[in-house]
Amino acid sequence: MPHSVQEHPVTVGFDIGGTNLRAAVVRDGAIIDRRSVDTPKDPNTLQQSIVELVDELRESYQVNGVGLAIAGFLDPTCEIVRFAPHLPWRDRNVRAELSEALKLPVRLEHDANSAAWGEYRYGAAKDVDNWVLFAVGTGIGATLMNGGEIYRGAFGTAPEFGHLCVVPDGRPCPCGKRGCLERYCSGTALVQTAHEMLDAQPHRPSVLRETEDFSGKAVMDAARAGDELALAVFEDFGTWLGKALSIVADVLDPGLIVIGGGVASACDLYMDRAKAALAESIVGAGHRPLPDARCASLGGDAGMIGVADLALRSVEPQAG
Ligand SMILES: [Zn+2]
């Protein structure tokens with residue numbers, strides 16, 4: 001081992017996105033170094049890039065284990081990547097192959113579960129054993145943590161709330177149905193709601209009228225600048241989010257719901273409205289305890305921090 005290698009062991013958490021392959025050197029839940037490269041499109045090159053990044057980090061750190069947060073379907077034992085829409089791996093035993101190539105323990109986990117684990121160990125859900133991560137971005141993802149463990153169901157798929165029908169004959173959804181929850185409560189929905197409000201109220205001024213093709217981020221920026229129509233869009237979003245959280249609470253009875261995903265950064269624009277709508281919509285309103293609701297605190301790093309911590313548990317099963 002070269003003399004420049006740091007003495008304290010670390011684990012490396014990877015976030016493997018369709019565009020960027022990100023790696024974080026994690027110690028005690030904190031990122032102390034990071035790398036990012038373009039995600040290779042070829043399955044073998046992707047695997048080789050991970051090996052090369054770890055080897056590079058080993059020149060500076062004593063790496064004890066590696067975790068990979070994967071946006072896709074894994075087998076129930078988290079050995080095999082079955083299918084990932086934005087990655088080239090298909091039915092590949094990534095865990096065993098990487099572990100062999102690196103001579104290190106390797107841990108695979110679904111990306112939402114990785115983020116949930118990060119928030120549970122070091123973020124907004126620290127020490128809460130029964131809670132739900134409700135991740136709102138382009139669509140809706142969710143992870144249920146039950147008794148401090150990730151709930152996997154019978155077939156290893158995450159809880160699915162995005163395509164519950166909340167508006168019969170409502171907005172069309174790419175899944176083929178109409179009126180799905182994520183058509184009203186997602187980053188995509190922010191844009192659609194804004195367009196509908198602009199059309200329905202043609203004389204109401206708004207900076208969003210200045211461009212045809214605006215993003216959810218633009219709606220967020222307009223609301224922060226005090227644009228009243230954009231603020232009304234978030235009022236609508238908060239109402240839908242609260243209804244969504246009441247469905248989560250009715251079905252699962254969690255103590256806490258953490259809002260993650262891309263919209264978590266706009267928490268202040270909708271959280272009060274969402275909590276009020278949750279309190280109004282839950283079954284038995286006024287006669288039962290309400291789950292707490294708050295926004296995720298680790299941002300886009302939650303998955304890397306979480307899967308690095310899971311990798312550490314593979315190295316030291318008693319940790320945590
Ligand atoms: Zn749908």
Side-chain angles (χ1 to χ4, degrees), residues 71-73 83 85-86 110-113 115-116 130-146 150-200 215-216 219 232-254 256-264 266-267 269-271 273-286 288 290-291 293 295-296:
F73 294 98
F83 172 76
H86 305 291
H110 188 270
D111 62 343
N113 291 347
N130 294 297
W131 67 282
V132 174
L133 175 71
F134 197 76
V136 186
T138 309
I140 294 173
T143 293
L144 167 63
M145 294 230 4
N146 183 30
I150 296 163
Y151 176 79
R152 297 185 188 278
F155 303 106
T157 57
E160 176 61 75
F161 292 101
H163 301 277
L164 290 175
C165 178
V166 292
V167 180
D169 298 321
R171 293 175 181 170
C173 183
C175 78
K177 301 196 294 180
R178 279 183 168 270
C180 295
L181 178 59
E182 69 174 43
R183 293 300 96 202
Y184 299 87
C185 180
S186 64
T188 323
L190 282 175
V191 175
Q192 186 163 0
T193 302
H195 278 295
E196 287 181 6
M197 283 188 182
L198 289 166
D199 290 347
S215 63
V219 183
V233 171
F234 272 97
E235 197 67 11
D236 180 83
F237 174 86
T239 303
W240 277 110
L241 179 62
K243 288 180 182 174
L245 299 189
S246 78
I247 294 170
V248 174
D250 284 339
V251 175
L252 300 170
D253 190 29
L256 167 70
I257 304 171
V258 174
I259 313 302
V263 303
C267 211
L269 294 171
Y270 57 76
M271 203 54 165
R273 180 69 210 117
K275 283 186 176 182
L278 163 63
E280 290 158 14
S281 308
I282 197 168
V283 172
R288 60 180 282 184
L290 288 172
C295 278

For this session: Kindly give the heavy-atom pair with the smallest separation between Ala115 and Leu133, and that separation in Å.
Result: CB-CD2, 4.3 Å

Problem set entry | Pairwise side-chain contact, Leu144 with Pro159, heavy-atom cut-off 4.5 Å (strictly under) | yes

Seminar exercise, completed: All heavy atoms of Ala249 vs all of Arg288, minimum pair found to be O-NH2, 3.8 Å

Exercise. Any side-chain heavy atom of Val166 within less than 4.5 Å of one from Ile247?
Worked result: yes

For this session: Evaluate the side-chain proximity of Met271 to Ile259: yes if any heavy-atom separation is below 4.5 Å, no if none is.
Result: yes

For this session: Could you tell me the separation between the OG atom of Ser186 and the CH2 atom of Trp240, rounded to the nearest 0.5 Å?
Result: 12.0 Å

Problem set entry | His195: ring-ring contact (aromatic ring centres under 6.0 Å, His included) partners, not counting sequence neighbours | Phe214

Exercise. Are side-chain heavy atoms of Met197 and Val233 found at a separation under 4.5 Å?
Worked result: yes

Exercise. Do Thr188 and Arg171 meet the criterion of a side-chain donor-acceptor pair at a distance under 3.5 Å?
Worked result: no

Problem set entry | Minimum heavy-atom distance between Ala296 and Gly260, given as atom pair plus value | CB-CA, 3.9 Å

Problem set entry | Smallest separation among heavy atoms of Ile282 and Ser246, with atom names | N-CB, 3.7 Å

Problem set entry | Gap separating the CD1 atom of Ile257 from the CG atom of Leu290, nearest 0.5 angstrom | 9.5 Å

For this session: Please report the C-alpha distance between Phe237 and Val136 in whole Å, then the side-chain angles of each, then the deciding distance to 0.1 Å, and finally whether the side chain to side chain contact (heavy atoms under 4.5 Å, CB included) criterion is met.
Result: CA-CA 11 Å; Phe237 174 86; Val136 186; 4.1 Å; yes

Problem set entry | Spacing of Phe73 atom CZ and His110 atom NE2 [to the nearest 0.5 Å] | 7.0 Å

Problem set entry | Euclidean distance, Ile140 CD1 relative to Cys185 SG, rounded to 0.5 Å | 4.5 Å

Problem set entry | Of all pairs that satisfy salt bridge (charged side-chain N to carboxylate O under 4.0 Å, His left out), the ones with a partner from residues 173-184, not counting sequence neighbours | none

Problem set entry | Minimal non-hydrogen separation, Ala277 against Thr239, with atom names | CB-O, 3.6 Å

Problem set entry | Distance, nearest 0.5 Å, that separates OG1 of Thr143 from OH of Tyr151 | 13.0 Å

For this session: Measure across Leu245 and Ala293 and return the closest heavy-atom pair with its distance rounded to 0.1 Å.
Result: CD1-CB, 4.2 Å

Exercise. Taking Glu196 for the side chain and Leu198 for the main chain, is one N or O donor matched with an acceptor at less than 3.5 Å?
Worked result: no

Problem set entry | Residues which pass disulfide (SG to SG under 2.5 Å) with Cys267, listed by chain and number, not counting sequence neighbours | Cys295

Problem set entry | More than 12 heavy atoms from other groups under 6.0 Å of CG on Asp199 | yes

Problem set entry | Verdict with reasoning, Arg152 to Asn113, per side chain to side chain contact (heavy atoms under 4.5 Å, CB included) | CA-CA 10 Å; Arg152 297 185 188 278; Asn113 291 347; 3.8 Å; yes

Exercise. When rounded to the nearest 0.5 angstrom, what distance separates CG in Leu252 from CE in Met145?
Worked result: 13.5 Å

Exercise. Are any non-hydrogen side-chain atoms of Val258 and Phe134 less than 4.5 angstrom apart?
Worked result: no

For this session: May I ask you to test the Val263-Tyr270 pair for a side-chain heavy-atom distance under 4.5 Å?
Result: yes

Exercise. Do Cys180 and Cys175 touch side chain to side chain, with heavy atoms closer than 4.5 Å?
Worked result: yes

Exercise. Do Val219 and Phe234 have side chains that get closer than 4.5 Å, going by heavy atoms?
Worked result: yes

